[in-house]
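Both ligands and their constituent atoms are indexed starting at 1 by order of listing. For clarity, every value in this text was computed on a predicted model and none was experimentally measured.
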Amino acid sequence: MAPKAIIAPSILSADFGNLGAECSKTMDQGADWLHVDIMDGHFVPNITFGAPVVAKIRPHVDAPTASFGRGTFDCHMMIAEPKRWVNEFKAAGCNLYCFHYEAAFSTAAETPSAASELRTSPRELVRYVHDQGLLAGVAIKPATPADVLYELLDSADPKERPDMVLVMTVEPGFGGQKFMASELPKVQALRARYPDINIEVDGGLGPGTIDQAADAGANVIVAGSAVFGAKDPSEVIARLREAVDGKNGKL
Ligand SMILES: O=C(CO)[C@@H](O)[C@H](O)COP(=O)(O)O
């Protein structure tokens, strides 16, 4: 049975001119976490913001008092060289550092000019993120199969096991895209093999698509435009939660 629902609105769809207030309002509307999309214009064809902005919004949301707790800043690092920024984002108030499997790998294999301390692998990077005292997430793009994650999730060493996996249900880079149901078999396979892990889905989630994602076994739900564009965001957040927890008998 999947773990409880965690609803993480993506602040990519918030009003950037009023970000602190937008974040605290969304928490008051029932969010568990905030999903903070970091894009570098390199790993993905869009740029958002960096650690200084995260540090500015952190005081607007109470920090979590436990791992995975309310107020977790779930930083989705759509960036090259993800090892470079772990400490800066930790200092800014990030709690969960979710890097892309593809980016961690390419630093080692495809960027031979990268400084040697930045050359890494997904396994080493999960360990490194844990060593810095953060939760570690590993994200996969639509072109990446789920089974690349098995080696990490099967690791006997908890330091090398991700705390969450993120299955992208759109190509990373932009909010407001169409949900790709073609990615759900990955979620099903991961849930069948790992009944207790946090599986996050991101992209095109909302009242019209949540049931498919919940049926597949996702429990951490990112929603940007569906929450920030709603007349009643509280109602949308409650609906997302009900779909996941209702299915799992947790309501
Ligand atoms: O990471 C991303 C996009 O790359 C997402 O977090 C989007 O921000 C989700 O937006 P919606 O599809 O829910 O509008």
A.B. asks: When you check the gap from the basic side-chain N to the acidic O, do Arg161 and Asp154 get nearer than 4.0 Å?
C.D. replies: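 The answer is no: the pair does not qualify as a salt bridge.
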A.B. asks: Starting from atom 10 (O) of ligand 1, which protein heavy atom do you reach first, and at what distance in Å?
C.D. replies: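 The closest heavy atom on the protein side is Gly175 CA, 3.6 Å.
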A.B. asks: Under 6.0 Å between ring centres: does that hold for Phe89 and Phe73?
C.D. replies: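 Phe89 vs Phe73: aromatic centres not under 6.0 Å.
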A.B. asks: Can you list the ligand 1 atoms lying under 4.0 Å from a non-hydrogen atom of Met78?
C.D. replies: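 Counting atoms of ligand 1 from 1, those under 4.0 Å from Met78 are 1 (O), 4 (O).
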A.B. asks: If you count the atoms of ligand 1 from 1 in the order shown, which ones are under 4.0 Å from a heavy atom of Asp37?
C.D. replies: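 Going through ligand 1 atom by atom, the ones under 4.0 Å from Asp37 are 1 (O), 2 (C), 5 (C), 6 (O), 7 (C), 8 (O).
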A.B. asks: Would you tell me which option among Thr169, Asp202, Leu205 has the nearest heavy-atom contact to atom 7 (C) of ligand 1?
C.D. replies: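 Going through Thr169, Asp202, Leu205 one by one, Asp202 has the nearest heavy atom to atom 7 (C) of ligand 1.
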A.B. asks: Identify the protein heavy atom lying closest to atom 12 (O) of ligand 1, giving its residue, its atom name and the separation to 0.1 Å.
C.D. replies: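 For atom 12 (O) of ligand 1, the nearest protein heavy atom comes out as Gly204 N, 2.8 Å.
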A.B. asks: Looking at atom 3 (C) of ligand 1, what's its closest protein heavy atom, distance included?
C.D. replies: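 Answer, as residue, atom name and distance: Phe174 O, 3.4 Å.
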A.B. asks: Just jot down the ligand 1 atoms closer than 4.0 angstrom to any heavy atom of His76, in number order.
C.D. replies: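 Checking each atom against His76, I get 1 (O).
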A.B. asks: Any ion pair linking Arg241 and Asp32 (charged N to carboxylate O, less than 4.0 Å)?
C.D. replies: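 Looking at Asp32 and Arg241, the cut-off is met.
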A.B. asks: Does the plane of the ring in Trp33 sit parallel, tilted or perpendicular to the ring in Phe68? Use 30° and 60° as the thresholds.
C.D. replies: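 Parallel.
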A.B. asks: Considering heavy atoms of the protein only, find what lies nearest to atom 4 (O) of ligand 1 and give residue, atom and distance to 0.1 Å.
C.D. replies: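 Of every protein heavy atom, Gly173 N, 2.7 Å lies nearest to atom 4 (O) of ligand 1.
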A.B. asks: Before signing off on this row, confirm whether Gly176 and ligand 1 have an N or O atom pair separated by under 3.5 Å.
C.D. replies: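 Yes - when backbone and side-chain N and O of Gly176 are compared with those of ligand 1, one distance drops under 3.5 Å.
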A.B. asks: Determine whether the side chains of Gln29 and Ser234 contain a donor N or O and an acceptor N or O closer than 3.5 Å.
C.D. replies: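 Distance-only check fails for Gln29 and Ser234.
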A.B. asks: Below 4.0 angstrom from a heavy atom of Pro172, which ligand 1 atoms are there? Numbered from 1 as shown, please.
C.D. replies: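 What qualifies from ligand 1 is 4 (O).
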A.B. asks: Measure the distance from atom 14 (O) of ligand 1 to every protein heavy atom, then report the residue, atom name and distance (to 0.1 Å) of the closest one.
C.D. replies: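 Scanning the protein heavy atoms, the shortest distance from atom 14 (O) of ligand 1 goes to Ser225 OG, 2.5 Å.
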A.B. asks: With heavy atoms of Ala223 as the reference, note each atom of ligand 1 found under 4.0 Å away.
C.D. replies: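 Matching atoms, with element in brackets: 13 (O).
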A.B. asks: I'd like to know if Ala226 contacts ligand 1, where contact means a heavy-atom distance under 4.0 Å to any ligand atom.
C.D. replies: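 Flag not set, Ala226 not near ligand 1.
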A.B. asks: To check your reading of the model: name the closest protein heavy atom to atom 13 (O) of ligand 1, its residue, and the distance in Å.
C.D. replies: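 Going atom by atom, the protein heavy atom closest to atom 13 (O) of ligand 1 ends up being Gly224 N, 2.7 Å.
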A.B. asks: Indicate whether the side chain of Asp163 and that of Asn198 have a donor and an acceptor atom separated by less than 3.5 Å.
C.D. replies: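 No, no side-chain donor-acceptor contact under 3.5 Å.
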A.B. asks: Heavy-atom contact under 4.0 Å between Val170 and ligand 1?
C.D. replies: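 No; Val170 lies far enough from ligand 1 that no heavy-atom distance drops under 4.0 Å.
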A.B. asks: Atoms of ligand 1 less than 4.0 Å from Met39 heavy atoms?
C.D. replies: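 Those atoms are 4 (O).
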A.B. asks: Any idea which atoms of ligand 1 are less than 4.0 Å away from a heavy-atom of Gly203?
C.D. replies: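 Contacts of ligand 1 toward Gly203, numbered from 1: 12 (O).
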A.B. asks: Do Lys83 and Tyr128 meet the cation-pi criteria used here (NZ or CZ under 6.0 Å from the six-membered ring centre, within 45° of the axis)?
C.D. replies: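 Here Lys83 passes the 6.0 Å and 45° test against Tyr128.
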A.B. asks: List every atom of ligand 1 that sits less than 4.0 Å from any heavy atom of His35, numbering the atoms from 1 in the order shown and giving each element.
C.D. replies: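 Taking each heavy atom of His35 in turn, ligand 1 has 6 (O) under 4.0 Å.
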A.B. asks: If I compare all heavy atoms of Ile79 with all of Ile38, which pair ends up nearest, and what's the gap?
C.D. replies: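 Scanning both residues completely, I find the closest heavy atoms to be CG2-O, 3.8 Å.
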A.B. asks: Is there a donor-acceptor contact under 3.5 Å from the side chain of Arg239 to the main chain of Gly206?
C.D. replies: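 Side chain of Arg239 to backbone of Gly206, a donor-acceptor pair under 3.5 Å: no, none is there.
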A.B. asks: For the pair Asp131 and Lys159, find out whether any cationic side-chain nitrogen is under 4.0 Å from an anionic carboxylate oxygen.
C.D. replies: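 Counted as a salt bridge, because a side-chain N and a carboxylate O are separated by less than 4.0 Å.
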A.B. asks: If you measure from the Lys or Arg side-chain nitrogens to the Asp or Glu carboxylate oxygens, is any gap between Glu124 and Arg127 under 4.0 Å?
C.D. replies: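 No.
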A.B. asks: When you check the gap from the basic side-chain N to the acidic O, do Lys141 and Glu102 get nearer than 4.0 Å?
C.D. replies: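 Between Glu102 and Lys141 there is no salt bridge, as every charged N stays at least 4.0 Å from the carboxylate O atoms.
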A.B. asks: Looking only at protein heavy atoms, identify the closest one to atom 8 (O) of ligand 1 and say how far it is in Å.
C.D. replies: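 Its nearest protein heavy-atom neighbour is Ser10 OG, 2.9 Å.
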